[in-house]
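Worksheet: the structure to be examined is printed underneath.
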Amino acid sequence: MTVSRLDVIESELLKLGALDAELASLKLQGGNVRARDLQRLAQTMGFGPKRKKRGGEPTWIRDSGTTISIPDHSGTLGKGLASKIIKGMRDELFIMTEALKDEKEVISGQTNQLKYRNYYD
């Protein structure tokens with residue numbers, strides 16, 4: 001049995017939805033977020049650690065060039081820092097989800113032409 005691209009996209013959308021729910025759950029924890037939990041989720045999203053030159057916090061990068069910095073602390077992160085990292089990760093998830101939805105529309109032939117209409121004509 002062959003798996004169609006639409007099936008793969010649906011599967012990826014479900015995974016991204018689960019990741020977003022996990023990030024939302026972490027955001028509700030406030031200041032009880034551990035760096036390794038965010039690093040694990042970043043890796044699941046396709047981020048990989050970028051080699052450090054000197055100093056600074058570890059940077060995680062995706063193939064698309066998007067980067068996020070996640071401190072390599074052993075304890076929990078501060079509420080503001082954790083919230084900022086989670087927001088960046090959720091923004092990237094949104095971009096990934098929208099790209100998959102657009103691809104799904106193109107493949108299934110359901111592209112909404114009004115979406116791409118130039119309103120400045």
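For the numbers below, each heavy atom of this structure counts, side chains included, while hydrogens, waters and symmetry mates do not.
For the atom pair D37 CG and I86 CD1, the distance stands at 9.5 Å (nearest 0.5 Å). In this structure, the separation between OG on S4 and CD1 on I9 is 8.5 Å, given to the nearest 0.5 Å. Between R36 atom CZ and T76 atom OG1 the span is 11.0 Å, to the nearest 0.5 Å. In this structure, CD1 on I68 lies 6.5 Å from CE on M45, to the nearest 0.5 angstrom. Separation of atoms CG (L19) and CG (L23) is listed at 6.5 Å; rounding is to 0.5 Å. Note that the CG atom of L93 and the NZ atom of K15 stand 13.5 Å from one another [nearest 0.5 Å].
Looking at every heavy atom in both residues, A35 comes nearest to H73 through CB-O, 3.7 Å. Listed here is the closest heavy atom pair of A42 and W60: CB-CE3, 4.2 Å. When all heavy atoms of Q39 and P71 are compared, the closest pair comes out as NE2-O, 3.5 Å. Taking each heavy atom of P58 and D72 in turn, the nearest pair found is CG-CB, 3.7 Å.
Grouping the Ile, Leu, Val, Met, Phe, Trp and Tyr side chains by contacts below 4.5 angstrom, directly or via other members, places F47 with L16. Hydrophobic cluster membership differs between L100 and F94, with clusters built from Ile, Leu, Val, Met, Phe, Trp and Tyr side chains linked at under 4.5 angstrom.
Qualifying side-chain hydrogen bond (donor to acceptor under 3.5 Å, both in side chains) partners for R5, counting only residues two or more places apart in sequence or in other chains: E103.
T66 has its side chain out of reach of I95: every pair of non-hydrogen atoms, C-beta onward, lies at least 4.5 Å apart.
Here the side chain of R34 pairs no donor or acceptor atom with the backbone of L77 at under 3.5 angstrom. Side chain of S83 to main chain of K79: no donor-acceptor pair is present (N/O by atom type, distance under 3.5 Å, no hydrogens or angles).
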